[in-house]
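Below is one structure, written out as structure tokens, with a few remarks after it.
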Amino acid sequence: MPPLAPLGEFEVVVVLAVLHLREDAFGSAVRDEIERRSGRAVSRGSVYITLDRLEEKGLLGSRLADESASRGGRPKRFFRVTAAGRRGVKRSIAMLSRMHRGLEPILGEL
Amino acid sequence: MRSALWRLTEWYLSHHLPPATAAPVLGDLSEDFARYRGERGRVRAGLWLVREAWSLASVYRRQRRLGGPGAWGGLSATLAEQVWRDMRLALRRLRATPLFSAFAVASLALGLGVTTAAYSVVDALLWQPIGIPDAGHLAVVTARPYSSIGWQSAVSEPDFVDLRAAVRTMPSLAASTFEYEALNFGEATEPLECEAVTGNYFETVGVRARLGRTIQPADERPDAEPVLVLAYDFWRVKTGADEGIVGRTVHMGSQPVVVIGVAAEGFHGLQVRFGSNADGWIPLTVRQRLRTVAAGAPVEARRDRPEMTVVGRLTTGEPVERVAAELGSLGSAFDTAVPISQRMVAGGPVVPSGRLWSAEPMVVPIARHWSAETMAAAAQPSTAVTSAGAGIIGLVGLVLVVACTNLANLMLGRGASRQHECAVRRALGASRGRLVREQCAESAILAMLGGAGALLTARVLLHAFTLDLPVSSARVIALEPHLNAASMFAAAVALLAALVVFGLGPALQLTAASLRERLAGEAASQGSVRWRTRRSLIAWQVTISTALIVIAAVSLRVVAAAGLHDPGFDLPHLALGVVDIHSQHWDEARGRRALEAIETAAHAERGFRAVALSSGVPLGLTIRPFCQLSSTDTPLLGPRDGTEAGLMVSTPGIFETLGVPLVRGRGFDNHDTAATTPVIVVSEHVARAIFGTTDVIGRHVLYRGIFTLDTKTVKTLEIVGVARDTDTQVLFDRSLGSAYIPLAQQYEATLVLIGRTPGDPSTMVKAFAAIGRKADPDLPIAFASTGPLMLTGAYVLLRVVAWLSAGLAGLAVVLAMIGLYGVLSHLVARRTREIGIRLALGAEAGRIRWMIVRDGLQPVWAGLVAGIGLGVLARFVLRAIYVGADISPIDPFAFAVAVATLLTAGLVACGLPARRACRVDPNVALREM
């Protein structure tokens, strides 16, 4: 397995949102989840682009389903986190927490 | 769900999203849109959708540019996107060279804005519409050669009646003649210049009523009610646009007439462009009635008095030449059948004895040289107006040329500096189309900014020129220039052509063959070619600017001269008003009583240093009486005999009032009455013309009046005084002398009340109305105004034109300086490397500076010399056109201004960059290679 480059902040956020949503992780839902949890407005485009990029890196996988009439016959693209994705996000968070260690007197507990 | 907005969004996003992603993304968006619409309503959902789509598209666009994950290669950028990209690039590049951009935009804005505004003002001023619809199909009968009055008044009334019956090429003829009446409506009496017309006049001319109706054939019947149609301007100004005026009865003289309508706006009768616009129209029968009342008996119309202007509609397909031919032959036929002649009658109380003097009437037959031309051709503006207009348009053209040269030079200079960049990009694979497109984008942005600036400039200028302008005698016209679209378009095309043609050069010239040379830097041969072209452009620009300055100085001199000129009498302090007894149709006794009352009332008025009544004033007014004078041994037979002089039949105060000193003898006084010897005072010019000396007191002259009440009698008058010469006819013109005759010895019915004030006469103008009312309530004092306005009215127009041209010249100088600076400084800055090499090889900075300035100024010198030559030539031409104006071809002042301004611009433009370049470290300059 090639060594993974550490994930960007937004990438971590997106992977975590997909994990939270489990089986129901498609574009709009991911965005809503991020906005709900982070309390920050996120542009639709950047979510899609990040999803695409993460899939290209092999951290996410996707399937097309549910071509309901309310969507004009267009499929939903459901994402799931791959094993590599899980590893990657774990490493990124671990790295952050390692960086944080020892800074509690300054930053306080998270 | 499938709203138009959604379909548009779908289409838009499908062009921006990678195909693989598009379907699920659009699916998500549509679902969210539907939900959002349910929650927030249509409008807010629509706004949300637009925002979302725009943000999505821009994210993917950025992604694609970066070429990162998610980018796709299959879909090429849309055209709009390319244009957008080019524009942004061009904007960045223009921002990087603020000086160039500012010069280019200023050249465009000023060149386009000011030239268009100037043209529009001249257009409004000189080529006012004549208000006659379809003038190209209205034929007017002329008598060649034109009389001194112009093409009007070609046919006598009896001849018109016969001509109407005889003419075949036109279905109907209409006629009009000018009439001067006093119109009394209720409280006020206004002088009314009107046309007496036939019943079919309005139908033939094709003018409708704005209010009420026009004169109809039925109004011509002898038993018809007398009617009057008012001109739009008269109705607007004098009645305050009172719609209730229609149907009201007013009085002309003592005759009641009914106002039946107001003519269409802009129509001023057939006396177009002759300064006498019609204020109203009456049927010819009404004029006949007014004359009968005035004379006490029917007045017979005379065949030898051409006073009718005759017009007819051309039938479709009938050329005016055929009408002219028919009229010509009809004229000859009339001459044979009913010959007319002019009688030269000798008479008067004193009949001089002369060898050639005959007791028989002298009869001179008059031929009717009738012809026809279209109204459009006949009403062409006079040559003076046309040449003034042509002058301005010439100036506008010159300014435009300077602006174009400016732009061309700026673009060339910029193009030269970009050759290397273009070559590199071409070598790296940029298509020529791409380079051209970028250049176009840059030109387009410059054009847009310049265009906006031009519109703004033109608007401001046109606003400034929307004013009441006193033109011609006693009339104020409202000048309302409108942006002339055609001229703006022409100027814009010229400037854009300069922008694009010279801007595209470097991008287009990059063929594969030239690429290597360009890449190698500014190859010596190429560089010198470019430098030569640009040098000739600089020379050309300086030539045009110099010539323009030299020409424009003429206009400035005219303005200055008009302001400083002494007309020979106290023009600035005169208040004038026309006393028109003629239109009251009073007899001499009644008229003299009124005149006396007016003079008494005027004398009683405080504020006048002196007051006089006179039949004329030196520069003429509405009436310009003349006289023929000769020594007693040269009889006055024909109309061309003797010496012509401006005539002032006046009260004794005339010399003091006008401020004309007597050189010899005396002026006339209250002792010169009808019972004493008839006397005359002549100007020095007249004395010299007749007797060759001014020592003429006590000598006798023969006299006959022209445009006076009595134009037949030849009188012998004794010269009692010689007055100093004044300008007559127009300012600067002393080719005609003046003669003064006491009013007590010769009665005239149209006079000017002249008051001389110690200060500004405009404060006393109002007093005239009071004087009139006090003296005689029926007698209006018309056109009261100040001397400078009334007597030099035509010069007001000339002054506006002169100021305009001076402004244009100033603009050209500024543009030329800007252009010269922009181009020269740019070119010199580009010699930095050469300067570096020279410095590295040991040249002294001072010598290099001198070399740069010398080289840079070379084309400026050449241009100055050529420009002065051109300007002198143009002034020779101007001198031939404007006879009488003092235009000397050699004008050191203008030469000095041209040389000083342009040389300064040149020196600054060369000097500053040269100094900068010399301060550069040679190593830095060399490294740039």
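Here is how names work: the chains are called A, B, and so on, in the same order as the sequence lines, proteins then strands, and each is numbered from 1. Hydrogens, waters and symmetry mates play no part in the numbers below; they use all other heavy atoms, side chains included.
A distance of 8.5 Å separates OG of B/Ser55 from CZ of A/Arg44, quoted to the nearest 0.5 Å. For the atom pair NZ (A/Lys76) and CD (B/Glu31), the distance works out to 4.5 Å, reported to the nearest 0.5 Å.
Annotation: B/Trp48, atom CH2; neighbour count of heavy atoms from other residues, nucleotides and ligands within 6.0 Å is above 12. Shown here is B/Arg44, whose CZ atom has no more than 12 heavy atoms of other residues, nucleotides or ligands within 6.0 Å. Few gaps surround CD on A/Glu104; more than 12 heavy atoms of other groups in view lie less than 6.0 Å from it.
For A/Leu51, no part lies under 4.5 angstrom from a heavy atom of chain B. Interface remark: B/Arg51 contributes no atoms to any contact with chain A (heavy atom separation under 4.5 Å).
Here the shortest heavy-atom pairing between A/Ser46 and B/Val59 reads N-CG1, 3.9 Å. Across all their heavy atoms, B/Asp32 and A/Ser28 have their closest contact at OD2-OG, 2.7 Å.
Side-chain contact between A/Arg77 and B/Asp28 is absent, with no heavy atoms from C-beta onward closer than 4.5 Å.
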